[in-house]
Amino acid sequence: MASKPPSITFLILMFFSITLTLFVLSMKPKSVTNNIFQLDKRKPPWFNVIEKNIDNKRIKVGVVNINPRLKFDDIGIYEQLNALYPHVETLSIDFDHADESLKWKDLFPTWIDEDEKYGHPKCIDLPMPIWESYRDVNVVVARVPCEKGIKDVFRLQVNLVVANLVVESGWVMKLDSYQPVYVVFIGTCSPTIEIFRCDDLLFHESGEYWVYKPDLVSLRHKMLMPVGTCQLAPGYAEKGKEVWRGNYISQSATILKYYTIHVPNLAYVTVLHSSEAYVCGAIALAQSILGNNDNNYYTIDLLLLADDSIGHESIKGLKSAGWKIKHIQRILNPFAKKGTYNEWNYSKLRIWQLTMYDKIIFLDSDLLVLKNIDHFFAYPQLSAAPNDLTLFNSGLMVIEPSMCMFEELMNKTLKVKPYNGGDQGFLNEVFTWWHRLPTKVNYLKSFEGNNNNEIIHEDLYVMHYLGLKPWMCYRDYDCNWDMRELHVFASDLAHKMWWKVYDTMPQKLQAYCRLTQKMDERILQRRKRARNANLSDGHWKIKVKDPRRKRYNNVNFRI
Ligand SMILES: *[C@@H]1O[C@H](CO)[C@@H](O)[C@H](O)[C@H]1NC(C)=O
Ligand SMILES: *[C@@H]1O[C@H](CO)[C@@H](O)[C@H](O)[C@H]1NC(C)=O
Ligand SMILES: *[C@@H]1O[C@H](CO)[C@@H](O)[C@H](O)[C@H]1NC(C)=O
C-alpha cells in the first residue's frame with residue numbers, strides 16, 4: 001500500500017513544534033534534556049516545621065527504613081537532605097529486618113509462664129541498630145510500612161527503632177529538660193499511635209508527613225516495656241519502682257519517697273450506663289478497693305461515670321460507697337444492632353476525657369478487688385491482662401487520658417468494625433501494641449473442665465465475675481450452675497469471695513443488692529429447668545436460705 005503524502009496541516013504543525021522545541025532548547029537547554037537526572041534541591045516540606053524549633057547550627061538527621069534501592073521515591077528524600085549539607089548531616093540507620101516468618105501471635109502469645117515454673121519467659125528480640133553509632137541525632141526521618149496492616153511485626157520494628165533512637169539521643173538533661181528529638185514520618189502510613197502519641201504531634205500534612213516532638217519521659221517509659229506480651233514487664237509494679245515524669249527512683253527508694261517527689265493524679269474509674277443492674281456491683285467494687293487500701297501517703301480518687309439511667313437513689317448509694325460521680329452522655333456503638341446488649345458499650349471511651357488525671361485504672365463494675373493494686377499504676381498505657389489469642393481483656397486497663405486520643409477514638413468508632421461488637425473488640429483493634437499485666441490482676445472467672453474451684457490462686461488481686469453476677473443469684477450458690485451453657489463460669493468459691501465483701505458492707509449499702517421479685521422469679525425458673533434436666537452438679541437441690549428472698553427491693557430499679 002502506497003503511503004499518502006502528509007497533509008499541509010500536518011506539515012505546518014510539525015514545523016511549529018520543531019521551532020518551538022528549538023526555541024525552548026536554546027533558552028534552557030539543560031532543564032529539558034537532563035530533568036530526570038537533576039538533583040532535587042528543594043527543601044523537604046517538613047523541614048520548616050523542624051527549623052523553627054531547632055536553633056542548632058548543625059542538625060543531625062537519622063534516616064530509618066528509607067531505602068532508595070527498594071523504593072524509587074526515596075531517592076528524592078536523600079537528595080533533599082544532602083542538598084542541605086553542611087547545615088544538615090544525614091546518616092542512614094542500619095538494622096536487620098525482623099525474621100520474615102515472625103507473626104504477631106509470636107509477640108503476643110495467649111499464655112505465658114507467669115509463675116516462672118519453667119524459668120523466666122523470654123521475648124523474641126527484634127533486631128535493633130547498634131546504638132553507639134547513632135547517638136545524638138536531632139531528627140529522625142522514617143517511613144512506616146503499612147501494606148500488611150497494623151498487626152505487622154516489621155511495622156512494629158520500625159516504630160521501635162525510631163522510638164529507641166529518640167530515647168538514646170534525647171535522654172540527656174540539658175538545663176532543666178531533655179534534649180528534644182523530632183520525628184518525621186513520611187508517606188501515608190501513620191506511626192503506631194500507642195508509641196507516638198497524638199499529644200506530641202506538631203504538624204500533619206495529610207498524605208505527606210507527620211512531625212512529632214515526643215515527650216521523652218513517656219517514650220522512655222514505654223521503651224522499658226517488652227516488645228510484646230511475651231513476658232511480664234520486668235518487675236515494674238511488683239516492687240513499686242518506676243520511672244515517672246522524669247524521676248527515676250533508684251532501687252533503694254521507697255514508694256513513699258517517690259510520691260513526695262511528684263504526686264501524680266490517679267483514679268480508679270468505672271462506668272454505669274443504660275440500666276441500674278450493675279449499681280450493686282459498683283458499690284461492692286468501691287468497698288473492695290477501699291477495704292484493701294493499705295497506704296496513708298497518697299490519695300487515689302474513685303470516680304464513677306454515670307449516664308441518665310442511673311437514678312437519684314442509686315447515686316446516693318454509690319456516693320456513700322466511696323465513688324465520686326461524674327455525669328456523662330452514653331456513647332453509641334454505630335455497628336451494634338438497635339436494642340442489643342452492646343449498643344452503648346462505647347461509653348467506656350469517656351475515660352480518655354478525664355484529663356485531670358495522669359493515669360487511670362479502669363475497672364468494669366463486675367470486678368472485685370481482693371488485694372491492693374495501687375502499684376499497677378506504674379504501667380504505661382495500655383496495660384491489661386490477657387483475654388485470648390493476641391487480645392487483652394478490657395475489664396481492667398491502665399490508661400492515660402488525652403483529649404486528642406479521645407477524639408481519635410471517636411473518629412475510629414465510625415470506621416473500625418470490632419470483632420465482637422463490644423468495646424473490647426474495638427479497643428483491641430486500636431491498641432494492638434499493649435503491655436501484659438499478670439492474669440491475677442484481672443482473673444477471668446471462666447473454667448474449662450471440672451476444676452471450677454481449685455484453679456483459683458490464693459494471691460489473686462482482682463476477680464472478674466463473668467457470666468451471671470453474684471448479686472443476681474442467691475448467696476447460697478453460684479447460679480451459673482443452673483444453666484448448662486453457663487457452667488464454664490460457675491464457681492462456688494469465687495461466689496463466696498464476693499459475698500464476703502458484701503458482708504463487710506454497711507446495711508444501707510447492702511440494700512442496693514436486694515433481690516427484686518422479677519430477679520427472684522427468674523432464678524426460680526432456671527432452677528426448675530435445671531431440676532427437670534436433672535443437671536448432675538445438683539445445685540438445684542440446695543435448700544435456699546438467702547435472707548434477701550424475704551425482703552424484696554421495694555425501690556423500683558430500672559433494669
Ligand atoms: C477527627 O475527624 C475530624 C473530621 O474528619 C477531623 O477534623 C479531626 O482532625 C479528626 N481528629 C483526630 C484526632 O483524628
Ligand atoms: C457491654 O456492656 C454490657 C453492660 O454494661 C455488658 O454486660 C457486656 O458484657 C458488654 N459487652 C461487651 C462485648 O463488652
Ligand atoms: C438423675 O441423675 C441421677 C444421677 O446423676 C440418677 O441417679 C437419677 O436416676 C436421675 N433421675 C432421673 C429422674 O432421671
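Just so you know, ligand 1 is whichever comes first in the structure, and atom 1 is the first atom listed for that ligand. Heavy atoms only: backbone and side chains are in, while hydrogens, waters and symmetry mates are out.
- Tyr357 and Asp301 form a side-chain donor-acceptor contact under 3.5 Å, judged by distance and modelled atom types alone.
- Closer than 4.0 angstrom to ligand 1 sit non-hydrogen atoms from Cys404, Glu407, Glu408, Asn411.
- Trp471 approaches Arg548 most closely through the heavy-atom pair O-NH1, 3.3 Å.
- For the pairing with Val166, the side chain to side chain contact (heavy atoms under 4.5 Å, CB included) check across Val139, Leu219, Ile195, Val137 returns one residue only, Leu219.
- For the 3.5 Å distance criterion, the side chains of Ser365 and Thr270 qualify, holding a donor opposite an acceptor.
- Ion pairing of Arg549 with Asp546 is absent here, as no side-chain N (NZ or NE/NH1/NH2) approaches a carboxylate O to less than 4.0 Å.
- An N or O contact shorter than 3.5 Å links Asn534 to ligand 3 by distance.
- With hydrogens and angles left out, the side-chain atoms of Asn442 and Asn393 include a donor and acceptor closer than 3.5 Å.
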